[in-house]
Structures are given as structure tokens and as C-alpha cells.
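Computed over heavy atoms, backbone and side chain alike; hydrogens, waters and symmetry mates excluded. Counting from 1, the numbers follow the sequence of the chain as shown.
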Amino acid sequence: MARVSPDDLPPGPLVQGFSGGGFSVSGEIYRGLFLTPEQASEWTPPASAAELELAHVEPLLVLSPAPEFLLLGTGARIAFPPRAFIRAVEARGLGVEVMDSRAAARTWGLLRGEERWIVAALLPFA
């Protein structure tokens, strides 16, 4: 089995684990999490994906260069945000990929391993 060295990891933040309903990134625990290729930051999301509005993820959508798409983790289970939210993000020229937050964290690592320029918003598990 091949070993992965730190030099093989993509630059930027990676979710290393889950703790207390949140995410462990570089020794810090985040309940709600924004990820960009360059940083992780605390996010105060709405109580559920059903309450998402464009303003909740606006900081991720104004990056330069523009991300390829928004990876949206909806908590412990997959839950689709309002169609108006999806349309508003798509109107900005970005796709939206929706999955539960654990799957989104794993997908983030895989896509960043390919050095894809993406952003993520992960709702906590509880």
C-alpha cells in the first residue's frame, strides 16, 4: 500500500475528522464550515438547508478567480435547499452539488487532491 506524505496533499485546508457535530481542520473545530482552496472559516448557517438563501453563502461566491462550483453539505442527511437558492447560485455561473456533510467533506478532499478550484459550505451534523 502506498503511503501519502504531506508533500502529496493539496495546498489549503482539508477536513481531518468530525467532532461534536462539527469538523476538524488543522486542529480547529468548526460547527458550520466554509472552505475555499486557501482557507477554512467558521460559518453560521441557517438551522436547516430548507432555510438557505444566497446571502448565507455570498462570501464564497465573490472570490477571484471564481470557483467552479459550490459543494453544499446539508448536515447529517442530504436535504435539498430551496430551488430559488439553487437558481440564484447558478445565475452567478456556478453549479451546486448537494450531499450530506460527511460526504461533502470527503468529496472536498478528493477534488482538492485534483487541485480543483471549488468552494464548500458545510452545515453541522446536529
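- The shortest distance between side-chain heavy atoms of F18 and F125 falls below 4.5 Å.
- L14 and L72 are not part of a single hydrophobic cluster, where members link through side-chain heavy atoms under 4.5 Å apart.
- The closest side-chain heavy-atom distance from F85 to V57 is below 4.5 Å.
- Here T107 contributes atom OG1 and R102 contributes atom CZ; the two are 13.5 Å apart, rounded to the nearest 0.5 Å.
- With hydrogens and angles disregarded, no donor-acceptor distance shorter than 3.5 Å links the side chain of S19 to the backbone of G22.
- P82 and A50 make their closest contact through CG-O, 3.1 Å (heavy atoms, listed as atom of the first residue, atom of the second, distance).
- Under the 4.5 Å side-chain heavy-atom criterion for grouping Ile, Leu, Val, Met, Phe, Trp and Tyr, L122 is not connected to V96 through any hydrophobic cluster.
- With rounding to the nearest 0.5 angstrom, the CZ atom of R87 is 15.5 Å from the CZ atom of R92.
- Between the side chain of W108 and the backbone N or O of P13, at least one donor-acceptor pair lies under 3.5 Å.
- Looking at heavy atoms from C-beta onward, L61 lies in side-chain contact with L54 at the 4.5 angstrom threshold.
- Note that CD1 of I118 is 4.5 Å distant from CG of L111, once rounded to the nearest 0.5 Å.
- Contact of the I86 side chain with the P81 side chain is registered, since non-hydrogen atoms from C-beta on lie closer than 4.5 Å.
- Within the 4.5 Å cutoff, no side-chain heavy atoms of P45 are placed close to those of H56.
- A salt bridge is defined here as a Lys NZ or Arg NE, NH1 or NH2 lying under 4.0 Å from an Asp or Glu carboxylate O, and R116 with E68 meets this definition.
- Atoms OG and CG, from S41 and L33 in turn, are 7.0 Å apart once rounded to the nearest 0.5 Å.
- Atom CZ of R83 has more than 12 neighbouring heavy atoms from other residues, nucleotides or ligands inside a 6.0 Å radius.
- In this structure the side chain of S101 reaches within 4.5 angstrom of the side chain of F23, judged on heavy atoms.
- Cluster annotation: L63 is connected to L70 through the hydrophobic network of ILVMFWY side chains, with a link wherever side-chain heavy atoms come within less than 4.5 Å.
- In this structure, CG in L123 is found 9.5 Å from CD in E51, a value given to the nearest 0.5 Å.
- Here the shortest heavy-atom pairing between W117 and A66 reads CD1-O, 3.5 Å.
- You'll find the side chain of L71 stays beyond 4.5 Å of the side chain of V119, heavy atoms only.
- With a 4.5 Å cut-off on side-chain heavy atoms, L94 and P67 count as touching.
- Hydrophobic clustering keeps F34 apart from V25 (ILVMFWY residues linked when any side-chain heavy atoms are closer than 4.5 Å, directly or through intermediates).
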